[in-house]
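Heads up, the thing below is written out as structure tokens.
Numbers restart at 1 for each chain; the letters A, B, ... are given by sequence-line order, proteins then strands. These figures come from a predicted structure and were not determined experimentally. Only heavy atoms go into these numbers, but all of them, side chains included; no hydrogens, no water, no symmetry mates.
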Amino acid sequence: MPEIRNYTINFGPQHPAAHGVLRLVLELDGETVKAADPHIGLLHRATEKLAETKPFNQSIGYMDRLDYVSMMCNEHGYVLAIEKLLGVSAPKRAQYIRVMFDEITRILNHLLWVGAHALDIGAMTVFLYAFRERETLLDCYEAVSGSRMHATYYRPGGVYRDLPVQMPQYQASKWHSEREVHKLNENRQGSLLDFIEDFTRIFPGCVDEYETLLTDNRIWKQRTVDIGVVSPERAIALGFSGPMLRGSGVEWDLRKKQPYEVYGDLDFKIPVGVNGDCYDRYLVRMEEMRQSNDIIKQCVQWLRANPGPVMLPDHKVTPPTRVDMKEDMEALIHHFKLFTEGYCVPEGEAYAAVEHPKGEFGVYLVSDGANKPYRLKVRAPGFSHLAALGEMCDGHLLADVVAILSSQDIVFGEIDR
Amino acid sequence: MDKSTQLAEQCQQRFAAELHAVKVQHGEVTLEVGRKDLLTVATALRDETPFKFDALMDVCGVDYLDYGKSEWVGDDATSTGFERGVMRERKLQAHEFTGPRFAVVYHLLSIALNQRIRVKVRLEEADLLVDSVVEIWPSANWFEREAFDFYGILFKGHPDLRRILTDYGFIGHPFRKDFPLSGYVEVRYDATQQRVVYEPVDIEPRVLVPKVIRDDSRYRHPDIQEGATDAGDP
């Protein structure tokens with residue numbers, strides 16, 4: 001009789017399907033997973049502790065680096081918490097800009113997710129398709145903030161600057177001839193809003209393309225249907241949020257249930273799954289991209305019709321304009337104080353949550369009246385999703401671990417913080 | 001009467017004996033309970049009708065050691081001259097803070113009734129032990145591990161209280177206010193020993209922007225501030 005026993009393997013920390021630096025200790029019985037123990041923290045940077053040593057505004061850039069595929073949504077949560085403590089809110093136009101960029105970010109995140117998820121399961125093409133559209137959206141990031149990923153665009157009291165009236169264009173070089181550049185610049189003749197509107201026209205067709213590749217694909221369904229099933233009650237108990245919760249059939253979206261900014265005025269729908277498996281979570285996210293596209297369209301329309309300020313005129317919190325600084329002594333003093341010391345936030349505590357592409361991104365902020373946060377706690381959606389990985393993988397095959405892991409939309413920047 | 005005040009009153013009635021304090025700020029309700037009552041209050045908050053907090057969204061520790069202490073007070077600038085340097089060792093008490101050093105903060109969400117609440121348990125440094133709520137909300141598991149890792153708070157009844165985010169073999173609790181930002185050890189690969197070695201850090205801790213607490217006149221009247229619109233408030 002040969003001796004048969006379980007064996008334990010290490011999945012990661014360097015594994016292409018581990019979505020970063022996850023070390024997963026798997027106990028296997030043949031090919032069946034008996035237990036999965038995720039070891040996290042390999043990307044821990046103590047963001048929250050760093051934020052305690054810096055004035056409030058200097059930590060906005062750190063928020064981009066938490067979930068580094070949905071940058072502006074992280075900023076949004078942090079900025080909302082500060083605004084809540086300060087008792088201010090951004091001008092209407094800034095709120096629309098924030099919502100528009102939140103939805104652009106949601107599409108960015110879901111595109112990366114669908115590409116990586118398909119790649120993990122073995123479909124290469126979707127990844128290439130998804131990155132084509134991501135390129136366009138990252139150009140919007142760049143046009144508005146100067147940076148393609150880590151934007152630092154949202155500020156307490158608004159957004160850093162208004163949308164550019166001229167979309168930046170490609171220049172001819174020794175790699176691109178005049179003719180090529182002319183073609184590339186075709187949709188860049190107008191403003192950023194024209195560019196985004198052009199994108200919203202073509203994007204539903206792009207989602208159709210991804211769906212053609214995946215939705216009815218036999219292999220795709222074999223790999224995702226009935227894999228990693230979570231019941232609605234269990235999903236709530238495990239602290240799931242976002243598409244993970246909606247995939248299980250719970251109608252819960254902070255944009256609808258606890259509307260922040262201008263989500264209450266916008267018309268969109270919340271897709272909900274039925275079975276709570278990987279396939280339903282996939283369908284939910286695909287539909288979310290279409291809904292986000294609709295929200296962006298509505299924002300573009302509103303922003304076109306309503307010019308106005310994008311920052312509060314309260315110079316205790318937001319910097320004065322360059323022009324004012326040249327003539328007004330008050331403005332100069334405000335500018336100096338803001339950029340050396342920052343602003344003091346009244347004593348208290350606040351929790352602000354946004355519907356991040358991955359779920360509920362919450363920021364708990366404690367202030368003791370100083371110019372720095374006393375305690376900052378980031379409630380990352382992926383943290384509670386990954387905590388449930390062991391439970392979701394139980395009894396599945398080794399190959400399904402990869403499918404479940406990527407259906408959770410894991411990004412280590414936010415989990416390890 | 002808005003929703004949060006109503007919720008606060010319902011809590012006050014239901015938990016009259018257990019509550020140390022109830023506070024409503026920025027439309028958020030904060031309950032402060034003693035640690036011996038945590039499990040009873042938590043179970044009631046999950047199961048009983050006006051509460052129905054079916055989801056635990058977050059658990060975190062807070063260290064109040066430096067609360068209200070500033071690194072630079074500039075109010076006496078006219079009498080003693082402008083203070084330019086910042087003494088790292090010296091911290092000035094800007095406003096009084098008394099109470100236990102640590103706290104565990106729970107953020108609850110009711111998906112059924114669409115409301116939120118915050119529960120706070122204060123803990124003395126000498127006795128950092130609190131009951132685990134894993135049995136009530138399974139999502140507490142990793143959050144409590146994190147609070148243990150960062151603050152050294154022990155959760156009684158937790159099935160698997162290991163460190164979670166710090167390095168294997170890490171010593172100390174890094175988010176405590178007396179733990180330096182730069183830490184105590186740094187790692188590098190040693191070519192001669194052919195392994196990663198740990199060494200004491202050679203970074204001087206320094207303050208770039210000193211922490212100041214200003215007595216801002218705009219915030220002196222909290223009742224007036226309360227009327228202002230709260231951004232992102234449900």
Side-chain angles (χ1 to χ4, degrees), chain A residues 40-41 44 46 48-50 52-55 58 80-81 83-85 87-90 234 236-241 245 250 252 257-261 316 340-342 344 346-354 360 362 364 366 368-372 374-375 377 379 383-384 386-388 416-417, chain B residues 25-28 30 54-58 60 62-64 66-70 94-95 97 105 107 109 111 114 116 118 137-143 146 149 163-167 174-175 177 179 181 207-216 218-219 222 225-226 228-234:
Chain A
I40 61 168
H44 179 57
E48 294 148 336
K49 180 132 179 144
L50 278 169
E52 287 170 12
T53 64
K54 287 179 165 46
Q58 291 186 15
L80 276 182
E83 287 180 350
K84 211 171 194 180
L85 279 173
V88 300
S89 57
R234 196 64 194 157
I236 293 173
L238 288 168
F240 281 14
S241 50
L245 189 60
V250 182
W252 181 261
K257 298 285 181 180
Q258 301 176 356
Y260 50 98
E261 308 291 24
K316 301 284 180 204
T340 51
E341 185 181 289
C344 287
E347 196 183 346
E349 50 193 348
Y351 178 83
V354 293
E360 174 176 324
Y364 173 50
V366 181
D368 59 349
N371 58 341
K372 301 174 181 181
Y374 183 75
R375 168 83 166 111
K377 171 75 199 321
R379 189 264 174 210
F383 193 78
S384 32
L386 191 65
D416 287 350
R417 283 163 283 145
Chain B
Q25 194 189 18
H26 309 295
E28 297 171 1
T30 309
D54 39 16
L56 174 73
M57 296 321 272
D58 189 35
C60 71
V62 183
D63 176 4
Y64 285 97
D66 284 348
Y67 195 86
K69 284 182 190 158
S70 78
H95 54 81
F97 181 78
V105 182
H107 284 98
L109 168 71
I111 284 177
N114 191 10
R116 287 177 191 277
R118 178 185 302 131
W137 295 286
S139 59
N141 191 326
W142 275 25
F143 289 117
E146 186 191 311
D149 191 358
R163 283 186 179 274
I164 187 164
L165 285 172
T166 50
D167 197 0
F175 274 42
K177 290 282 177 178
F179 192 96
L181 184 66
V207 176
L208 292 178
V209 180
K211 178 181 169 187
V212 289
I213 297 177
R214 299 264 176 231
D215 192 14
D216 196 321
R218 288 174 302 156
Y219 308 126
Q225 271 298 314
E226 219 35 56
T229 49
D230 281 338
D233 210 29

Report which part of A/Thr340 has an atom under 4.5 Å of a heavy atom belonging to chain B: side chain, backbone, both, or neither.
backbone

Interface residue of largest heavy-atom contact number with chain A, from B/Ala55, B/Pro174, B/Cys60, B/Ala140, under 4.5 Å:
B/Cys60

Minimum heavy-atom distance B/Asn114-A/Gln258, with the two atoms named
OD1-NE2, 2.9 Å

Region of A/Ala388 that comes under 4.5 Å of a non-hydrogen atom in chain B:
neither

By a 4.5 Å heavy-atom criterion (distance strictly below it), what part of A/Leu50 contacts chain B: side chain, backbone, both, or neither?
both

Separation between CD1 (B/Ile213) and OH (A/Tyr374), nearest 0.5 Å, reads 10.0 Å

NE2/A/His44 to CD1/B/Ile164 distance, rounded to the nearest 0.5 angstrom?
11.0 Å

A/Phe383 and B/Phe143 aromatic ring geometry - parallel, tilted or perpendicular at 30°/60° bounds:
tilted

Tell me, side chain or backbone of B/Leu56 under 4.5 Å from chain A's heavy atoms, or both, or neither?
backbone

Given heavy-atom pairs under 4.5 angstrom as the criterion, report whether the side chain, backbone, both or neither of A/Val250 touches chain B.
side chain

Distance-minimising heavy-atom pair for B/Arg116 and A/Ala353:
NH2-CB, 3.7 Å

How many angstroms lie between CZ in B/Arg118 and CD in A/Glu349, if you round to the nearest 0.5 Å?
4.5 Å

Locate the shortest heavy-atom distance separating B/Ser139 from A/Gly239; write the atom from each residue and the value.
CB-N, 3.6 Å

Measuring from atom CG of B/Asp54 to atom CD1 of A/Ile236, what distance do you get when rounded to the nearest 0.5 angstrom?
5.0 Å

Can you tell me which of B/Leu181, B/Asp149, B/Leu109 forms the most heavy-atom pairs within a distance under 4.5 Å of chain A?
B/Leu181

Residue A/Glu48 versus chain B: region with a heavy atom under 4.5 Å
both

Using only atom types and a distance under 3.5 Å, with no angle test, would you say the side chain of A/Glu341 pairs donor to acceptor with the backbone of B/Val212?
no

In the structure I gave you, are the side-chain heavy atoms of A/Leu245 and B/Ile111 within less than 4.5 Å of one another anywhere?
yes

Residue selection (most heavy-atom pairs with chain B, distance under 4.5 Å) from A/Arg234, A/Arg417, A/Lys377
A/Lys377

What closest approach, in Å, do A/Glu347 and B/Tyr67 show between heavy atoms, and which atom pair accounts for it?
OE2-OH, 2.9 Å

Relative to chain A, which of B/Tyr64, B/Trp137, B/Phe175 shows the most heavy atom pairs under 4.5 Å?
B/Phe175

Looking at A/Glu52, A/Arg375, A/Lys54, which makes the most heavy-atom pairs under 4.5 Å with chain B?
A/Arg375

From CD (B/Gln25) to NZ (A/Lys84), nearest 0.5 Å:
10.0 Å

Which one of A/Ala350, A/Gly342, A/Ser384, A/Pro55 has the most heavy-atom pairs closer than 4.5 Å to chain B?
A/Ala350

The reported gap from CZ in A/Arg379 to NE2 in B/His107 (rounded to nearest 0.5 angstrom) is 11.0 Å

What are the two closest heavy atoms between A/Ser241 and B/Met57, and how far apart are they?
CB-CE, 4.2 Å

Compare every heavy atom of B/Val209 with every heavy atom of A/Gln58, then report the nearest pair and how far apart it is.
NE2-CG2, 4.1 Å

